[in-house]
J.: 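Before I ask anything, let me first share the structure, which is written out below as structure tokens.
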Amino acid sequence: MNIKISASMLGAELSELGSEAVRAKESGSDWIHFDVMDGKFVDNISFGASVQQAISRKGDFFFDTHLMVSRPDQQLGYFIKSGSKMITFHIESESDADHTINVIHRAGLMAGIAIKPTTPAESVFPFLEKLDMVLVMTVEPGYGGQGFLNYTLPKIKKIRERADEVRPSLMIEVDGGINADTAPLVIEAGADVLVSGTYLFGASDMKKAIQALKA
Ligand code: DX5
Ligand code: ZN
């Protein structure tokens with residue numbers, strides 16, 4: 001299986017985002033995970049499209065943008081312009097999911113839906129056929145550095161099984177508490193893309209850490 005790694009900029013040295021993204025890419029990270037928090041959908045505020053745009057000036061990155069915002073529809077235009085390749089929004093947000101997916105696709109980008117740890121798998125089933133990815137949160141959204149929630153594993157499996165029937169190309173991304181111990185569990189459950197912040201940026205050798213996640 002071809003596992004992809006998406007390095008979460010939330011775990012990077014925040015005063016050095018450009019060079020941290022370069023370091024992640026050169027260490028073998030396939031994607032750059034960009035966490036957008038609005039202080040409303042989640043309590044925390046992180047960074048917005050202008051910061052992603054600034055990072056994009058430092059290299060050619062696959063920006064995997066994770067919108068933890070109440071109104072993702074209002075953010076799409078900014079992120080389409082600032083280099084996102086994949087835009088993922090939450091099913092628990094206030095925007096119409098079908099419409100949001102259509103706008104992302106019309107711009108030529110890939111579209112994903114994210115679900116919080118306690119949101120049931122079934123909530124994404126109506127959209128699977130038109131989605132490129134489902135992001136299963138394996139911690140409560142809002143902060144990096146939290147512990148992996150084991151109870152999310154059966155949900156990953158459930159989505160994989162349903163996707164195999166109706167959308168075999170669907171990618172499943174997991175986000176939160178991913179390290180060398182939890183990676184085998186999520187891969188076994190059916191994850192294709194592993195987001196990792198604290199573990200990767202805190203590693204003494206990021207290249208080795210990425211290889212350990214993929215192994
Ligand atoms: C949490 C974010 C995650 C987070 C992952 O709300 O969506 O992307 O940065 O960080 P770690 O790997 O530290 O759990
Ligand atoms: Zn994220």
Side-chain angles (χ1 to χ4, degrees), residues 3-14 16-17 20-21 23-24 27-49 51-52 55 61-70 72 75 79 84-93 110-119 124 132-153 155-156 171-187 191-204 206 208-210 212-214:
I3 301 294
K4 283 188 171 57
I5 303 300
S6 194
S8 173
M9 296 313 293
L10 214 53
E13 170 51 50
L14 296 182
E16 304 282 348
L17 285 177
E20 287 284 77
R23 182 163 79 94
S27 301
S29 188
D30 302 278
W31 295 358
I32 297 296
H33 188 80
F34 194 75
D35 282 311
V36 183
M37 305 178 184
D38 63 353
K40 198 174 167 207
F41 183 77
V42 293
D43 292 342
N44 204 3
I45 294 178
S46 56
F47 21 56
V51 175
Q52 184 176 280
I55 298 171
F61 305 113
F62 184 107
F63 278 113
D64 164 33
T65 305
H66 178 192
L67 298 178
M68 285 165 275
V69 304
S70 295
Q75 290 296 318
F79 283 95
S84 296
K85 296 279 196 296
M86 165 81 77
I87 297 182
T88 300
F89 62 96
H90 273 264
I91 194 75
E92 305 90 351
S93 72
M110 288 194 260
I113 288 185
I115 55 176
K116 293 187 194 180
T118 56
T119 301
V124 297
D132 300 290
M133 190 169 86
V134 170
L135 185 168
V136 176
M137 291 296 311
T138 44
V139 300
E140 280 300 330
Y143 303 92
Q146 304 181 75
F148 178 81
L149 298 169
N150 266 293
Y151 68 79
T152 58
L153 288 169
K155 193 162 68 175
I156 298 167
M171 292 179 274
I172 299 181
E173 181 174 62
V174 287
D175 186 7
I178 302 299
N179 55 41
D181 297 326
T182 55
L185 306 176
V186 291
I187 292 171
D192 311 283
V193 186
L194 313 188
V195 175
S196 180
T198 307
Y199 170 72
L200 286 189
F201 286 98
S204 53
M206 194 191 285
K208 277 202 186 122
I210 289 174
L213 289 182
K214 288 191 176 190

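Ligands are counted one by one from 1 in listed order, and the atoms in each one are counted from 1 as well. Treat the numbers as computed from the prediction; the structure is a model and nothing was measured.
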J.: Give yes if a backbone or side-chain nitrogen or oxygen of Val139 is under 3.5 Å from a nitrogen or oxygen of ligand 1, and no if not.
T.: no

J.: Can you tell me which residue and heavy atom of the protein come closest to atom 9 (O) of ligand 1, and the distance to 0.1 Å?
T.: Ser8 OG, 2.9 Å

J.: Heavy atom under 4.0 Å from ligand 1: found in Thr198's side chain, backbone, both, or neither?
T.: both

J.: Please name the atom of His66, limited to N, O or S, that comes nearest to the Zn ion (ligand 2).
T.: ND1

J.: Does the distance from a Lys or Arg side-chain N to an Asp or Glu carboxylate O, for Asp30 and Lys214, drop under 4.0 Å?
T.: yes

J.: Tell me which one of Val134, Val136, Leu185 satisfies side-chain contact (heavy atoms from CB on, under 4.5 Å) with Ile156.
T.: Val136

J.: Purely on distance, is any nitrogen or oxygen of Val195 under 3.5 Å from one on ligand 1?
T.: no

J.: Among all protein heavy atoms, pick out the one at the shortest distance from atom 2 (C) of ligand 1; state its residue, atom name and that distance to 0.1 Å.
T.: Asp35 OD2, 3.4 Å

J.: Hey, which atoms in ligand 1 end up nearer than 4.0 Å to a heavy atom of Asp175?
T.: 2 (C), 3 (C), 4 (C), 5 (C), 7 (O), 8 (O)

J.: Write out the residue and atom name of the closest protein heavy atom to atom 10 (O) of ligand 1, then the distance separating them to 0.1 Å.
T.: Gly144 CA, 3.7 Å

J.: Taking a cutoff of less than 4.0 Å between a non-hydrogen atom of the residue and any ligand atom, is Gly177 in contact with ligand 1?
T.: yes

J.: Counting from 1, what ligand 1 atoms have a heavy atom of His33 closer than 4.0 Å?
T.: 8 (O)

J.: Taking the Zn ion (ligand 2) as the vertex, what is the angle from OD1 of Asp35 to NE2 of His33, given to 10 degrees?
T.: 90°

J.: What do you reckon, does Ser196 have a nitrogen or oxygen under 3.5 Å from a nitrogen or oxygen of ligand 1?
T.: no

J.: How far is atom 1 (C) of ligand 1 from its nearest protein heavy atom, and which residue and atom name does that atom have?
T.: Tyr143 O, 3.5 Å

J.: Which of the numbered atoms in ligand 1 are below 4.0 angstrom from a heavy atom of Met37?
T.: 6 (O)

J.: Please could you name the atoms of ligand 1 that His66 approaches to less than 4.0 Å, counting only its heavy atoms?
T.: 7 (O)

J.: If you take all heavy atoms of Ser8 and Phe201, which pair is closest and at what distance?
T.: O-CE1, 3.2 Å

J.: Can you see which heavy atom on Ile178 is nearest to which on Tyr199, and at what distance?
T.: O-CB, 3.5 Å

J.: Using the six-membered ring wherever Trp is involved, compare the ring planes of Phe47 and Phe34 and label them parallel, tilted or perpendicular (cut-offs 30° and 60°).
T.: parallel

J.: In ligand 1, which numbered atoms sit nearer than 4.0 Å to a non-hydrogen atom of Gly145?
T.: 11 (P), 13 (O), 14 (O)

J.: For the residue pair His90 and Phe41, categorise the inter-ring angle as parallel (less than 30°), tilted (30 to 60°) or perpendicular (more than 60°).
T.: tilted

J.: For Lys208, look at atom NZ and say whether over 12 heavy atoms of other residues, nucleotides or ligands are found less than 6.0 Å away.
T.: no

J.: For Gln146 and ligand 1, does the shortest N/O to N/O distance drop below 3.5 Å?
T.: no

J.: List the closest protein heavy-atom neighbour of atom 12 (O) of ligand 1: residue, atom name, distance to the nearest 0.1 Å.
T.: Gly197 N, 2.8 Å

J.: If you consider just the N/O/S atoms, which atom of Asp175 is the closest one to the Zn ion (ligand 2)?
T.: OD2

J.: Using a 3.5 Å distance criterion without hydrogens, assess whether the side chain of Asn44 forms a donor-acceptor pair with backbone atoms of Gly142.
T.: yes

J.: Looking at Asp132 and Ala111, would you say the former's side chain and the latter's main chain have a donor-acceptor pair under 3.5 Å?
T.: yes

J.: Can you tell me which residue and heavy atom of the protein come closest to atom 6 (O) of ligand 1, and the distance to 0.1 Å?
T.: Gly142 N, 2.8 Å

J.: Checking Asp35 against Ser46: is there a side-chain donor and acceptor pair closer than 3.5 Å?
T.: no

J.: Strictly by modelled atom types, are Thr65 and Gln52 linked by a side-chain donor-acceptor pair under 3.5 Å?
T.: yes

J.: Does any N or O in the side chain of Lys155 come within less than 3.5 Å of the main-chain N or O of Thr119, such that one atom is a donor and the other an acceptor?
T.: yes

J.: Taking 4.0 angstrom as the limit and counting only heavy atoms of Gly176, give me the atoms of ligand 1 inside it, by number and element.
T.: 14 (O)

J.: For Leu213 and Leu200, which heavy atoms make the closest approach, and how far apart are they?
T.: CD1-CD2, 3.9 Å

